[in-house]
2 protein chains.
Amino acid sequence: MNIGEAATQSGLPAKTIRYYEEIGFIMPHRGANGYRDFSDKDVHVLRFLGRSRSLGFSIDHCRTLLALYQDQGRASADVKRVAQQNLKEIDDKIADLQAMRETLAHLIRECAGDDRPDCPILKDLGNLTG
Amino acid sequence: MNIGEAATQSGLPAKTIRYYEEIGFIMPHRGANGYRDFSDKDVHVLRFLGRSRSLGFSIDHCRTLLALYQDQGRASADVKRVAQQNLKEIDDKIADLQAMRETLAHLIRECAGDDRPDCPILKDLGNLTG
DNA sequence: ATAAGGCTTCCAGCTACTGGAAGGTCAAGG
DNA sequence: CCTTGACCTTCCAGTAGCTGGAAGCCTTAT
(Lines give C-alpha, C1' and ligand atoms only; values in the text may rest on other atoms or scores of the structure.)
Protein backbone atom coordinates (compact mmCIF):
# COMPACT_ATOMS: atom_id res chain seq x y z
CA MET A 1 0.00 0.00 0.00
CA ASN A 2 1.03 3.62 -0.51
CA ILE A 3 2.06 5.96 2.27
CA GLY A 4 -1.35 7.63 2.42
CA GLU A 5 -3.05 4.35 3.17
CA ALA A 6 -0.34 3.44 5.68
CA ALA A 7 -0.90 6.78 7.35
CA THR A 8 -4.63 6.13 7.60
CA GLN A 9 -4.16 2.63 8.94
CA SER A 10 -1.45 3.55 11.44
CA GLY A 11 -2.87 6.88 12.53
CA LEU A 12 0.46 8.59 11.92
CA PRO A 13 1.05 11.48 9.49
CA ALA A 14 2.88 10.58 6.28
CA LYS A 15 5.65 12.97 7.28
CA THR A 16 6.21 11.06 10.48
CA ILE A 17 6.26 7.77 8.64
CA ARG A 18 8.98 9.03 6.30
CA TYR A 19 10.88 10.21 9.33
CA TYR A 20 10.56 6.82 10.97
CA GLU A 21 11.95 5.23 7.86
CA GLU A 22 14.82 7.72 7.87
CA ILE A 23 15.79 6.78 11.42
CA GLY A 24 15.55 3.10 10.64
CA PHE A 25 12.35 1.91 12.24
CA ILE A 26 10.94 0.54 9.01
CA MET A 27 12.27 -0.20 5.55
CA PRO A 28 9.28 -0.43 3.24
CA HIS A 29 9.78 -1.81 -0.25
CA ARG A 30 9.78 0.52 -3.21
CA GLY A 31 7.68 0.12 -6.33
CA ALA A 32 9.00 0.71 -9.86
CA ASN A 33 7.78 4.30 -9.64
CA GLY A 34 9.79 4.95 -6.49
CA TYR A 35 6.75 4.96 -4.24
CA ARG A 36 7.03 3.25 -0.87
CA ASP A 37 5.05 0.01 -0.66
CA PHE A 38 4.03 -0.77 2.90
CA SER A 39 3.24 -4.26 4.13
CA ASP A 40 0.79 -5.03 6.92
CA LYS A 41 3.82 -5.74 9.07
CA ASP A 42 5.17 -2.24 8.41
CA VAL A 43 1.85 -0.79 9.47
CA HIS A 44 1.86 -2.96 12.55
CA VAL A 45 5.26 -1.57 13.52
CA LEU A 46 4.02 1.95 12.89
CA ARG A 47 1.08 1.38 15.18
CA PHE A 48 3.41 -0.05 17.79
CA LEU A 49 5.48 3.10 17.56
CA GLY A 50 2.47 5.38 17.70
CA ARG A 51 1.20 3.68 20.82
CA SER A 52 4.63 3.71 22.45
CA ARG A 53 5.13 7.38 21.71
CA SER A 54 1.69 8.20 23.06
CA LEU A 55 2.75 6.56 26.32
CA GLY A 56 5.71 8.90 26.48
CA PHE A 57 8.46 6.52 25.41
CA SER A 58 11.32 8.33 23.73
CA ILE A 59 12.48 7.31 20.29
CA ASP A 60 15.41 5.59 21.95
CA HIS A 61 13.13 3.68 24.28
CA CYS A 62 10.99 2.76 21.29
CA ARG A 63 14.02 1.31 19.60
CA THR A 64 14.65 -0.93 22.60
CA LEU A 65 11.02 -1.88 22.97
CA LEU A 66 10.66 -2.72 19.31
CA ALA A 67 13.73 -4.95 19.48
CA LEU A 68 12.29 -6.69 22.53
CA TYR A 69 8.92 -6.97 20.81
CA GLN A 70 10.48 -8.70 17.87
CA ASP A 71 12.62 -10.97 20.02
CA GLN A 72 10.47 -13.96 20.88
CA GLY A 73 12.87 -14.99 23.63
CA ARG A 74 12.98 -11.70 25.54
CA ALA A 75 12.42 -11.60 29.27
CA SER A 76 9.50 -9.51 30.43
CA ALA A 77 11.82 -8.08 33.06
CA ASP A 78 13.74 -6.26 30.34
CA VAL A 79 10.58 -4.67 29.05
CA LYS A 80 9.46 -3.78 32.53
CA ARG A 81 12.78 -2.07 33.20
CA VAL A 82 12.39 0.22 30.21
CA ALA A 83 8.81 0.97 31.16
CA GLN A 84 9.77 1.76 34.72
CA GLN A 85 12.48 4.10 33.56
CA ASN A 86 9.97 5.90 31.41
CA LEU A 87 7.55 6.02 34.31
CA LYS A 88 10.21 7.62 36.45
CA GLU A 89 10.95 10.22 33.80
CA ILE A 90 7.26 11.00 33.54
CA ASP A 91 6.97 11.25 37.31
CA ASP A 92 9.92 13.61 37.43
CA LYS A 93 8.36 15.82 34.80
CA ILE A 94 5.06 15.83 36.64
CA ALA A 95 6.80 16.77 39.88
CA ASP A 96 8.61 19.64 38.16
CA LEU A 97 5.41 20.88 36.64
CA GLN A 98 3.50 20.55 39.91
CA ALA A 99 6.10 22.64 41.68
CA MET A 100 5.88 25.32 39.00
CA ARG A 101 2.14 25.13 39.10
CA GLU A 102 1.92 25.69 42.85
CA THR A 103 4.20 28.70 42.82
CA LEU A 104 2.50 30.20 39.83
CA ALA A 105 -1.01 29.57 41.13
CA HIS A 106 -0.06 31.20 44.40
CA LEU A 107 1.21 34.29 42.63
CA ILE A 108 -1.90 34.46 40.49
CA ARG A 109 -4.12 34.27 43.56
CA GLU A 110 -2.20 37.18 45.07
CA CYS A 111 -2.58 39.34 42.00
CA ALA A 112 -5.52 41.71 41.95
CA GLY A 113 -5.80 41.55 38.19
CA ASP A 114 -7.17 45.06 37.86
CA ASP A 115 -5.92 48.15 36.07
CA ARG A 116 -3.48 49.18 38.78
CA PRO A 117 0.22 48.60 38.11
CA ASP A 118 1.06 46.92 41.41
CA CYS A 119 1.58 43.23 40.73
CA PRO A 120 2.92 40.46 42.98
CA ILE A 121 3.73 38.33 39.95
CA LEU A 122 6.15 40.87 38.53
CA LYS A 123 7.41 41.55 42.01
CA ASP A 124 8.38 37.90 42.35
CA LEU A 125 9.91 37.70 38.89
CA GLY A 126 11.92 40.81 39.56
CA ASN A 127 13.08 39.13 42.72
CA LEU A 128 12.99 42.46 44.56
CA THR A 129 13.09 40.75 47.90
CA GLY A 130 16.10 38.58 47.29
CA MET B 1 31.40 43.24 34.36
CA ASN B 2 32.38 40.39 32.05
CA ILE B 3 30.08 37.59 31.02
CA GLY B 4 31.54 35.18 33.58
CA GLU B 5 30.64 37.47 36.42
CA ALA B 6 27.21 38.12 34.92
CA ALA B 7 26.71 34.36 34.72
CA THR B 8 27.61 33.94 38.38
CA GLN B 9 25.37 36.79 39.50
CA SER B 10 22.41 35.79 37.38
CA GLY B 11 22.71 32.05 37.81
CA LEU B 12 22.53 31.52 34.04
CA PRO B 13 25.24 29.86 31.92
CA ALA B 14 27.29 32.21 29.76
CA LYS B 15 26.00 30.38 26.68
CA THR B 16 22.44 31.17 27.65
CA ILE B 17 23.29 34.80 28.25
CA ARG B 18 24.78 35.11 24.78
CA TYR B 19 21.66 33.48 23.41
CA TYR B 20 19.45 35.93 25.28
CA GLU B 21 21.41 38.77 23.78
CA GLU B 22 21.01 37.22 20.34
CA ILE B 23 17.24 37.11 20.69
CA GLY B 24 17.15 40.66 21.95
CA PHE B 25 16.51 40.42 25.68
CA ILE B 26 19.58 42.40 26.59
CA MET B 27 22.08 44.60 24.76
CA PRO B 28 25.14 44.85 26.97
CA HIS B 29 27.79 47.42 26.09
CA ARG B 30 31.02 46.30 24.52
CA GLY B 31 34.47 47.21 25.76
CA ALA B 32 37.34 48.22 23.47
CA ASN B 33 38.46 44.59 23.36
CA GLY B 34 35.05 43.42 22.14
CA TYR B 35 34.10 41.90 25.47
CA ARG B 36 30.55 42.35 26.67
CA ASP B 37 30.25 44.71 29.62
CA PHE B 38 27.18 43.96 31.73
CA SER B 39 25.49 46.49 33.96
CA ASP B 40 23.62 45.63 37.14
CA LYS B 41 20.45 46.31 35.20
CA ASP B 42 21.43 43.70 32.62
CA VAL B 43 21.99 41.20 35.40
CA HIS B 44 18.63 42.12 36.89
CA VAL B 45 16.94 41.38 33.59
CA LEU B 46 18.80 38.08 33.35
CA ARG B 47 17.59 37.09 36.79
CA PHE B 48 14.07 38.08 35.82
CA LEU B 49 14.33 35.81 32.81
CA GLY B 50 15.78 32.94 34.79
CA ARG B 51 12.99 33.13 37.31
CA SER B 52 10.34 33.42 34.59
CA ARG B 53 11.73 30.44 32.70
CA SER B 54 11.89 28.39 35.88
CA LEU B 55 8.19 29.05 36.31
CA GLY B 56 7.58 27.60 32.88
CA PHE B 57 7.02 30.80 30.93
CA SER B 58 7.99 30.44 27.28
CA ILE B 59 10.46 32.83 25.72
CA ASP B 60 7.53 34.55 24.07
CA HIS B 61 5.74 34.94 27.38
CA CYS B 62 8.96 36.25 28.89
CA ARG B 63 9.09 38.90 26.22
CA THR B 64 5.63 40.06 27.17
CA LEU B 65 6.32 39.90 30.90
CA LEU B 66 9.54 41.83 30.56
CA ALA B 67 7.80 44.55 28.59
CA LEU B 68 5.12 44.75 31.26
CA TYR B 69 7.76 44.73 33.97
CA GLN B 70 9.47 47.70 32.41
CA ASP B 71 6.24 49.57 31.80
CA GLN B 72 5.49 51.44 35.01
CA GLY B 73 1.92 52.06 33.90
CA ARG B 74 0.93 48.47 33.13
CA ALA B 75 -2.24 46.98 34.53
CA SER B 76 -1.77 43.96 36.75
CA ALA B 77 -4.64 42.36 34.82
CA ASP B 78 -2.38 42.10 31.78
CA VAL B 79 0.27 40.30 33.78
CA LYS B 80 -2.30 38.03 35.36
CA ARG B 81 -3.63 37.08 31.95
CA VAL B 82 -0.22 35.91 30.75
CA ALA B 83 0.35 34.01 33.98
CA GLN B 84 -3.03 32.34 33.72
CA GLN B 85 -2.35 31.28 30.19
CA ASN B 86 0.93 29.75 31.31
CA LEU B 87 -0.85 28.05 34.19
CA LYS B 88 -3.30 26.53 31.78
CA GLU B 89 -0.53 25.25 29.55
CA ILE B 90 1.17 23.72 32.57
CA ASP B 91 -2.07 22.14 33.69
CA ASP B 92 -2.63 20.70 30.23
CA LYS B 93 0.84 19.19 30.24
CA ILE B 94 0.30 17.75 33.69
CA ALA B 95 -2.99 16.22 32.60
CA ASP B 96 -1.35 14.64 29.56
CA LEU B 97 1.43 13.23 31.66
CA GLN B 98 -0.97 11.98 34.32
CA ALA B 99 -2.96 10.10 31.70
CA MET B 100 0.20 8.52 30.32
CA ARG B 101 1.34 7.76 33.80
CA GLU B 102 -1.84 5.92 34.76
CA THR B 103 -1.85 3.74 31.68
CA LEU B 104 1.83 2.98 31.96
CA ALA B 105 1.69 2.27 35.68
CA HIS B 106 -1.19 -0.12 35.08
CA LEU B 107 0.75 -2.01 32.43
CA ILE B 108 3.79 -2.19 34.67
CA ARG B 109 1.72 -3.60 37.52
CA GLU B 110 0.41 -6.30 35.18
CA CYS B 111 3.87 -7.31 34.02
CA ALA B 112 5.51 -10.17 35.90
CA GLY B 113 8.98 -8.80 35.22
CA ASP B 114 10.62 -12.19 35.21
CA ASP B 115 12.57 -14.10 32.59
CA ARG B 116 9.53 -15.36 30.72
CA PRO B 117 8.72 -13.70 27.40
CA ASP B 118 5.02 -13.11 28.05
CA CYS B 119 4.55 -9.40 28.63
CA PRO B 120 1.37 -7.32 28.93
CA ILE B 121 3.31 -4.16 28.13
CA LEU B 122 4.40 -5.40 24.74
CA LYS B 123 0.96 -6.90 24.23
CA ASP B 124 -0.58 -3.48 24.67
CA LEU B 125 1.96 -1.75 22.48
CA GLY B 126 1.44 -4.34 19.78
CA ASN B 127 -2.23 -3.63 20.07
CA LEU B 128 -3.06 -7.29 19.40
CA THR B 129 -6.59 -6.89 20.64
CA GLY B 130 -7.59 -3.95 18.52
C1' DA C 1 58.09 33.84 26.70
C1' DT C 2 54.54 31.10 27.77
C1' DA C 3 50.75 28.96 29.86
C1' DA C 4 46.18 29.13 31.67
C1' DG C 5 41.95 30.92 31.64
C1' DG C 6 38.39 33.90 29.80
C1' DC C 7 36.51 36.00 26.02
C1' DT C 8 34.90 36.20 20.92
C1' DT C 9 32.30 34.27 16.73
C1' DC C 10 30.35 30.72 14.11
C1' DC C 11 28.63 26.22 13.10
C1' DA C 12 26.47 22.06 14.43
C1' DG C 13 23.43 19.31 17.12
C1' DC C 14 19.87 18.00 20.45
C1' DT C 15 14.04 15.98 20.20
C1' DA C 16 10.74 14.53 17.18
C1' DC C 17 8.90 16.03 14.03
C1' DT C 18 6.50 19.68 10.62
C1' DG C 19 6.03 22.86 6.61
C1' DG C 20 6.97 23.94 2.12
C1' DA C 21 9.09 24.04 -2.51
C1' DA C 22 10.02 21.70 -6.83
C1' DG C 23 8.90 18.12 -9.39
C1' DG C 24 7.48 13.09 -10.84
C1' DT C 25 3.16 9.79 -11.16
C1' DC C 26 -1.44 8.15 -11.55
C1' DA C 27 -6.51 7.87 -12.46
C1' DA C 28 -10.51 10.15 -14.25
C1' DG C 29 -12.93 13.23 -17.35
C1' DG C 30 -13.50 15.77 -21.74
C1' DC D 1 -4.47 13.04 -26.14
C1' DC D 2 -4.53 16.39 -22.71
C1' DT D 3 -5.49 18.30 -18.52
C1' DT D 4 -6.66 18.46 -13.77
C1' DG D 5 -6.13 17.13 -9.20
C1' DA D 6 -4.60 14.13 -5.84
C1' DC D 7 -0.91 11.65 -4.62
C1' DC D 8 3.93 10.61 -4.30
C1' DT D 9 9.12 11.83 -4.20
C1' DT D 10 13.36 14.39 -2.26
C1' DC D 11 15.53 18.06 0.02
C1' DC D 12 15.95 22.12 2.84
C1' DA D 13 14.58 24.80 6.65
C1' DG D 14 12.40 25.67 10.91
C1' DT D 15 10.32 24.71 15.53
C1' DA D 16 12.15 25.68 21.45
C1' DG D 17 15.76 26.77 23.98
C1' DC D 18 19.55 26.09 24.45
C1' DT D 19 24.35 23.34 24.45
C1' DG D 20 28.93 21.73 22.72
C1' DG D 21 32.92 22.47 20.31
C1' DA D 22 36.39 24.56 17.20
C1' DA D 23 39.39 28.36 16.07
C1' DG D 24 41.27 32.26 17.57
C1' DC D 25 42.00 36.76 20.34
C1' DC D 26 42.79 38.99 25.15
C1' DT D 27 44.49 39.16 29.84
C1' DT D 28 47.07 37.95 33.72
C1' DA D 29 50.58 35.55 36.11
C1' DT D 30 54.92 33.51 36.21
Side-chain angles (χ1 to χ4, degrees), chain A residues 1-38 42-43 45-46 48-66 85-86 89-90 92-93 96-97 100, chain B residues 1-38 42-43 45-46 48-66 85-86 89-90 92-93 96-97 100:
Chain A
M1 78 192 78
N2 282 349
I3 199 168
E5 180 64 20
T8 303
Q9 286 194 25
S10 67
L12 297 175
K15 278 276 188 189
T16 300
I17 295 174
R18 290 198 193 95
Y19 174 67
Y20 283 171
E21 180 190 19
E22 192 186 326
I23 63 176
F25 276 134
I26 48 170
M27 292 185 54
H29 293 124
R30 296 291 182 130
N33 53 11
Y35 286 19
R36 290 170 183 81
D37 182 17
F38 294 84
D42 289 327
V43 170
V45 169
L46 290 173
F48 181 97
L49 292 170
R51 176 72 174 147
S52 302
R53 295 285 303 122
S54 80
L55 287 177
F57 288 100
S58 70
I59 291 290
D60 247 26
H61 279 168
C62 287
R63 228 179 278 280
T64 307
L65 289 174
L66 190 55
Q85 194 185 329
N86 185 29
E89 286 164 19
I90 291 172
D92 289 351
K93 275 182 212 155
D96 276 3
L97 288 169
M100 276 183 201
Chain B
M1 78 191 79
N2 282 350
I3 199 168
E5 181 63 20
T8 303
Q9 286 194 26
S10 67
L12 296 174
K15 279 277 189 187
T16 300
I17 295 175
R18 291 199 192 94
Y19 174 67
Y20 284 172
E21 180 190 18
E22 192 186 325
I23 63 176
F25 276 133
I26 47 171
M27 291 185 56
H29 294 124
R30 296 293 181 129
N33 54 11
Y35 286 19
R36 289 168 182 83
D37 182 18
F38 294 84
D42 289 327
V43 171
V45 168
L46 289 173
F48 181 96
L49 291 170
R51 177 71 174 147
S52 302
R53 296 283 304 123
S54 81
L55 287 177
F57 288 100
S58 70
I59 292 290
D60 248 25
H61 278 168
C62 288
R63 230 180 276 280
T64 307
L65 289 174
L66 191 55
Q85 193 186 330
N86 186 29
E89 285 164 19
I90 291 172
D92 289 351
K93 275 183 211 156
D96 276 3
L97 288 169
M100 275 183 202

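None of these values were measured; they are calculated from a predicted model. Convention: sequence-line order gives letters A, B, ...; per-chain numbering from 1. What's counted below: heavy atoms across the whole structure, side chains too, no hydrogens, waters or symmetry copies.
Residue Glu21(A) contributes atom CD, which lies 12 Å from atom P of dC11(D) at whole-angstrom precision. In this structure, Lys93(A) places its NZ atom 13 Å from P of dT15(C), rounding to the nearest Å. Here the C1' atom of nucleotide dA16(D) and the CG atom of Leu49(B) are 15 Å apart, to the nearest Å. dA16(C) atom P lies 16 Å from atom CG of Leu46(A), rounded to whole Å. Rounded to an integer number of Å, the gap from CD of Glu22(A) to P of dT15(C) is 13 Å. Counting to the nearest Å, the C1' atom of dT15(D) and the CG atom of Asp60(B) are 12 Å from each other. Rounding to whole angstrom units, CD1 of residue Ile23(B) and P of dG17(D) are separated by 8 Å. For Ile17(A) and dC8(D), the CD1 to P distance is 10 Å, given to the nearest whole Å.
No N or O donor and acceptor, one from the side chain of Lys15(B) and one from the base of dG17(D), sit under 3.5 Å apart.
At dC26(C), one or more side-chain N or O atoms of Asn33(A) fall inside 4.0 Å of OP1 or OP2 (strictly under the cut-off). Checking the phosphate oxygens (OP1, OP2) of dT19(D), a side-chain nitrogen or oxygen of Thr16(B) falls inside 4.0 Å. Arg63(B) has no side-chain polar atom (N or O) that falls below the 4.0 Å cut-off from OP1 or OP2 of dA16(D). For Tyr20(B) and dG17(D), the shortest distance from a side-chain N or O to OP1 or OP2 is not below 4.0 Å.
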Between Ile59(A) and Tyr20(A), is a side chain to side chain contact (heavy atoms under 4.5 Å, CB included) present by the stated rule, with each step listed?
CA-CA 10 Å; Ile59(A) 291 290; Tyr20(A) 283 171; 3.9 Å; yes

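Here the side chain of Asn86(B) pairs a donor or acceptor atom with the backbone of Leu55(B) at under 3.5 angstrom. Of the possible polar contacts, none joining the Arg18(B) side chain to the Glu22(B) backbone as a donor-acceptor pair under 3.5 Å is found. Judged by distance alone, the side chain of Thr16(B) and the main-chain N or O of Leu12(B) form no donor-acceptor pair under 3.5 Å. Counting only distance, with no hydrogens or angles, the side chain of Ser10(B) and the backbone of Ala6(B) share a donor-acceptor pair below 3.5 Å. In this structure, Asp37(A) contributes its side chain and Met1(A) its backbone to a donor-acceptor pair below 3.5 Å.
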Check the interface with nucleotides 4-7 of chain C: list each N/O to N/O pair with the protein under 3.5 Å, or write none.
from, atom 1, to, atom 2, distance (Å)
dG6(C), N2, Tyr35(B), OH, 2.7
dC7(C), OP1, Gly4(B), N, 2.9

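Residue pairs meeting the side-chain hydrogen bond (donor to acceptor under 3.5 Å, both in side chains) criterion with at least one member in residues 23-35 of chain A, sequence neighbours excluded: Glu21(A)-Arg30(A).
For Pro13(A), counting side-chain heavy atoms from C-beta on, the closest listed nucleotide (dT18(C), dC26(C), dT27(D)) is dT18(C).
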